[in-house]
Amino acid sequence: MRSELIEPPVQLRELTYAEAAREALAQAMEADERVFLFGEDVGVYGGAFGVSGDLVHRFGKDRVIDTPISELGIAGAAVGAAITGMRPVLEIQFSDFVTLAMEQLVNQAAKIRFMFGGKASVPMVVRLPGGSGTGAAAQHSQSLEAWFAHVPGLKVLQPSTPHDAKGMLLAAIDDPNPVLIFEHKLLYKTKGHVPEEPYRVPIGKAAIRREGTDITIVGSSIMALKAQAAAERLAADGISAEVIDLRSLRPIDFTTIAESVRKTHRLMVVYEGVKIMGIGAEISAMIAESEVFDFLDAPIIRLGGADAPIPYNPVLEKAAVPQEDDIVTAAQNLVRRGEA
């Protein structure tokens, strides 16, 4: 009797967040000659955070381009290249420096498709390493994503996992609109399973990272990971937390948030950006203006960054943004308040 051939199990690859983003860039450049990467130190140096790595050796200096230190010039060149049919991916060395490129991103990239009645498009991607936790102080540690989520014509993403770092970058490169991807600096070395083949993660669709019944915790980027860790601790305290990873700030997946709140009756939004005028304010307002408001058993909680620049001192830096302990305590208080 002949034995049956048993295929070995498929081995799931693990990549870091940075490696996953690099693979997305390589696959996009291999598939489409219009795609090119440029920015400060993205070439021979391999990127300020090592994301571009050896791409310059694989694709040459004509497609992985080191630029002068001029964020305004880089952004303007990207807009021009995109309008003429190219698909530029530009890296701003630190997201804080995007302030120098606001004119091109907000007044040009975001408006051109509208102003030309859809006859022109701006298919460009801006990668923005941001966030605190590296001791880089006030001018290199900000979370500015809410600024751009306010602007019609721009799409704003915050992948939290290596899987999404690859899939959302590929989706962004395909998109006919300008897309800003905020990559938290502390995530670059995190690891996760990433398929080798190209794939796309839909823009505008949140992910339910953990199901729960007592409270909905909404976050993105590194805060989605902190929320998941907090949910594990809350479970030990008898609190079932549902964790939603936004992934996309604009467009935002209000449907997933609303369905969760209908189930849990409590909502907390966690974000690293300054609490005032942040993404949590928008989500809170969306819930308050909808029929979902009637399902709430307790006030909505916004857990955001302090109304202050990010300090250099490591103790103060940590205190300036929500941490896992803060999420646990706030969730416990909210659930108990709702039960009172």
Would you call [X]-[Y] a salt bridge at under 4.0 Å N-O?
X    : Y    : answer
K166 : E23  : yes
R63  : E33  : no
D245 : R247 : no

Fill in: All ring pair (Phe, Tyr, Trp, His ring centres under 6.0 Å) counterparts of F36, not counting sequence neighbours
F38

Indicate whether any N or O donor in one side chain lies under 3.5 Å from an N or O acceptor in the other, for [X] and [Y].
X    : Y    : answer
Q323 : K318 : no
Y188 : E183 : yes
H184 : E272 : yes
D96  : Q142 : yes
T213 : T264 : no

Discussion item. I'd like to know whether the aromatic ring centres of H140 and F97 sit less than 6.0 Å apart in this structure.
Written reply: yes

Practice prompt. Decide if the gap between the ring center of F94 and the ring center of F49 is smaller than 6.0 angstrom.
Written response: yes

Item to complete: Determine whether V201 and L169 fall in the same hydrophobic cluster, where Ile, Leu, Val, Met, Phe, Trp and Tyr are linked whenever their side-chain heavy atoms lie under 4.5 Å apart.
Response: yes

Fill in: Q228: side chain to side chain donor-acceptor pair (under 3.5 Å) partners, not counting sequence neighbours
none

Item to complete: Give, for atom OG of S248 and atom CG of D253, the distance between the pair rounded to the nearest 0.5 Å.
Response: 8.0 Å

